[in-house]
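Below is one structure, written out as structure tokens; the observations come after it.
Remember, it's 1-based here, ligands and their atoms both numbered in the order they're listed. Keep in mind that what you see is a predicted model, and the values were worked out from it rather than measured.
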Amino acid sequence: MSLLDGKRALIVGVASKRSIAWGIAQAMRREGAELAFTYQNERMKPRVEKLAGQCDCDIVVPCDVQDDEQIEAVFEHLDNYWDHFDILIHSVAFAHKEELEGDFLDNMTREGFLMAHDISSYSFAALAKAGRQMMHGRNGAILTLTYMGSIRAMPNYNVMGLAKASLEANVRYLAYTLGPEGIRVNGISAGPIRTLAAAGIGNFRKMLDHVEENAPLRKNVSIEEVGNVGAFLCSDMAAGVTGEITYVDAGFNIVGMTGY
Ligand code: NAD
Ligand code: 0WE
């Protein structure tokens with residue numbers, strides 16, 4: 001008997017084998033879950049199909065989360081294979097690259113703010129809204145990925161910090177709303193990991209080195225470590241946990257000062 005035997009999981013946010021969503025998918029597959037994947041656009045399609053194949057999965061559907069019709073279509077498509085599902089993983093974020101560097105106010109625009117909040121926070125509630133009927137009354141679990149820039153001011157994270165603060169409030173409001181239907185909603189706040197979303201972020205190496213030197217565990221976390229906590233939070237082992245943000249960051253967030 002494995003942690004997720006008999007569970008069906010929809011995974012939104014795989015772009016490559018380095019994606020955090022891929023770490024979660026692998027842990028869930030290993031624990032016995034049946035998987036389905038979405039991809040953002042035609043460029044991602046073959047990559048996601050190849051990775052899905054490695055988890056014996058042939059449900060792979062398009063979903064650009066900025067498009068209401070595509071969000072609806074995901075669940076219409078899924079309904080052809082599954083009459084219900086148990087787990088929804090949201091591992092999606094976007095802000096304009098120019099807004100993830102330098103002075104927060106100099107580089108902020110109304111359009112960039114709305115874009116970051118739309119893709120990184122609104123999409124979470126929108127997917128929950130569209131998937132709600134198919135998850136009703138089944139010990140369902142919804143999980144998203146966030147970052148400490150939501151609760152602390154950090155260099156360069158800028159508008160994404162605001163979007164993540166909104167996302168974390170979204171976790172609590174969805175937990176409150178969906179709890180009576182048996183659906184739990186949680187977030188994982190991961191430490192920095194070199195994924196496509198980290199590519200092109202200036203000085204990412206420096207940030208990884210800083211964590212390695214200062215986190216209690218003196219290391220960076222891996223997508224496998226995040227994946228295992230994701231599998232746990234979405235399993236019945238976590239049946240009493242909802243509305244929480246769990247840090248998977250080698251303990252970095254709890255440190256007040258180092259060097260003494
Ligand atoms: P990634 O690039 O592998 O994943 C980001 C995903 O967002 C991609 O699959 C991309 O296709 C998707 N996406 C962006 N815009 C989209 C849209 N309009 N429609 C549908 N999908 C869209 O990078 P990742 O690091 O695995 O990021 C996954 C999540 O983890 C993000 O929410 C990110 O903020 C969060 N996170 C990342 C780190 C890190 O250091 N890498 C740390 C903490 C939290
Ligand atoms: O949430 C993130 C990154 C999300 C992200 C990444 C990109 C890069 C490419 C959102 N939008 C884009 N847009 C792009 O064009 N992380 C937690 C990783 C991350 O990003 C940072 C970080 C960390 C950590 C940006 C600045 C400072 C720290």
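- Scanning Ser150, Ala93, Ala190, Ser121 for the heavy atom closest to atom 31 (C) of ligand 1 points to Ala93.
- Residue contacts with ligand 1 for Lys164 involve side-chain atoms from C-beta outward but no N, CA, C or O (heavy atoms, distance under 4.0 Å).
- Listed for the Asp103 side chain is a donor-acceptor partner under 3.5 Å among the backbone atoms of Asp106.
- Interface atoms of ligand 1 facing Pro192, defined by a heavy-atom separation under 4.0 Å, are 40 (O).
- When hydrogens are left out, the protein atom nearest atom 16 (N) of ligand 2 is Tyr157 CE1, 3.7 Å; that is the closest non-hydrogen contact.
- No donor-acceptor pair under 3.5 Å is formed between the side chain of Ser2 and the backbone N or O of Leu4.
- The closest non-hydrogen atom to atom 38 (C) of ligand 1, taken over Thr195, Ile20, Ile201, Leu208, comes from Ile20.
- In terms of protein heavy-atom proximity, atom 9 (O) of ligand 1 is nearest to Gly13 O, 2.9 Å.
- In this structure, Met134 and Asp83 have side chains that are not in contact, with every pair of non-hydrogen atoms separated by 4.5 Å or more.
- Taken to the nearest 0.5 Å, the CG atom of Asp5 stands 11.5 Å off from the OG atom of Ser235.
- Within 6.0 Å of atom CE in Met237, 12 or fewer heavy atoms from other residues, nucleotides or ligands are found, so the atom counts as exposed in its surroundings.
- If you check the side chains of Thr109 and Glu99, you find a donor sitting under 3.5 Å from an acceptor.
- Checking His96 against Glu111 by side-chain atom types alone, a donor-acceptor pair falls below 3.5 Å.
- Ion pairing of Arg218 with Glu212 is absent here, as no side-chain N (NZ or NE/NH1/NH2) approaches a carboxylate O to less than 4.0 Å.
- In this structure, the side chain of His77 does not engage the main chain of Ala73 through any donor-acceptor pair within 3.5 Å.
- Where the criterion is an N or O separation shorter than 3.5 Å, residue side chain and backbone included, Val65 meets it with respect to ligand 1.
- Nearest-residue assignment for atom 14 (C) of ligand 2 (options Ala190, Ala163, Gly202, Ala95; heavy-atom criterion): Ala95.
- Comment: Glu225 engages Lys219 in a salt bridge, judged by a side-chain N to carboxylate O separation of less than 4.0 angstrom.
- For atom 11 (O) of ligand 1, the closest non-hydrogen atom of the protein is Gln40 OE1, 2.7 Å.
- Of all protein heavy atoms, the one closest to atom 25 (C) of ligand 2 is Ile201 CG2, 3.4 Å.
- Atom 3 (O) of ligand 1 has its closest protein heavy atom at Ser19 OG, 2.5 Å.
- The NE2 atom of His117 lies 12.5 Å from the CD1 atom of Ile119; values are rounded to the nearest 0.5 Å.
- Within the 4.0 Å heavy-atom cutoff, Pro155 counts among the residues contacting ligand 2.
- Residue-level proximity to ligand 1 for Val12 is absent, since no heavy atom of it falls below 4.0 angstrom.
- For the 3.5 Å distance criterion, the side chains of Gln66 and Asp118 qualify, holding a donor opposite an acceptor.
- Below 3.5 Å of separation, one finds an N or O of Ala197 facing an N or O of ligand 1.
- Ranking protein heavy atoms by distance to atom 28 (C) of ligand 2, first place goes to Met207 CE, 3.4 Å.
- For atom 10 (C) of ligand 2, a protein heavy-atom neighbour is found at a distance under 4.0 Å.
- Counting heavy atoms closer than 4.0 Å to ligand 1, residue Met44 contributes side-chain atoms (C-beta onward) but none from N, CA, C or O.
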### Task
For Asp86 and Arg8, run salt bridge (charged side-chain N to carboxylate O under 4.0 Å, His left out): C-alpha distance rounded to whole Å, both residues' side-chain angles, the deciding distance at 0.1 Å, then the answer.
CA-CA 5 Å; Asp86 308 281; Arg8 289 170 169 164; 5.9 Å; no
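- Ligand-side atoms of ligand 2 in range of Asn156: 26 (C), 27 (C), range being under 4.0 angstrom from any heavy atom.
- Rounding to the nearest 0.5 angstrom, the gap separating the CG atom in Asn186 from the OG1 atom in Thr146 is 12.5 Å.
- At least one N or O atom of Ile193, backbone or side chain, sits closer than 3.5 Å to an N or O atom of ligand 1.
- The atoms of ligand 2 that sit less than 4.0 Å from any heavy atom of Tyr147 are 17 (C), 24 (C).
- At a 4.0 Å cut-off, not a single heavy atom of Ala198 sits close enough to ligand 1 to count as contact.
- Neither the backbone nor the side chain of Ser16 comes within 4.0 Å of ligand 1, counting heavy atoms alone.
- Side chain of Thr38 to backbone of Val61: no donor-acceptor contact under 3.5 angstrom is found.
- Considering only non-hydrogen protein atoms, atom 23 (C) of ligand 2 sits nearest to Phe204 CE1, 3.8 Å.
- The Ile119 neighbourhood of ligand 1 comprises atoms 15 (N), 16 (C), 18 (N), with distances under 4.0 Å to a heavy atom of that residue.
- The single protein non-hydrogen atom nearest to atom 30 (O) of ligand 1 is Leu145 CB, 3.4 Å, given as residue, atom name and distance.
- Distances from atom 5 (C) of ligand 1 to the heavy atoms of Ser123, Gly191, Ser91, Ala163 show the closest one on Ser91.
- Closest to atom 44 (C) of ligand 1, if we only count protein heavy atoms, is Thr146 O, 3.0 Å.
- A donor-acceptor pair under 3.5 Å links the side-chain atoms of Asn41 to the main chain of Met44, judged by distance alone.
- For atom 7 (O) of ligand 1, the closest heavy atom belonging to the protein is Val92 CA, 3.6 Å.
- Checked options Ser120, Ser121, Ser123; the residue passing with Asn170 is Ser121 (criterion: side chain to side chain donor-acceptor pair (under 3.5 Å)).
- The shortest contact between atom 18 (N) of ligand 1 and any protein heavy atom is with Asp64 OD1, 3.0 Å.
- Contacts of Val14 with ligand 1, taken as heavy-atom pairs under 4.0 Å, involve the backbone alone.
- Atom 20 (C) of ligand 1 has its closest protein heavy atom at Cys63 O, 3.3 Å.
- Looking at heavy atoms from C-beta onward, Tyr39 lies in side-chain contact with Val60 at the 4.5 angstrom threshold.
- Assignment of His96 to the shell around ligand 2 is not supported, since no heavy atom sits closer than 4.0 Å.
- In terms of protein heavy atoms, atom 6 (C) of ligand 2 is closest to Ala197 O, 2.9 Å.
- Panel note: side chain Arg18, backbone Ile223; no donor-acceptor pair is recorded below 3.5 Å.
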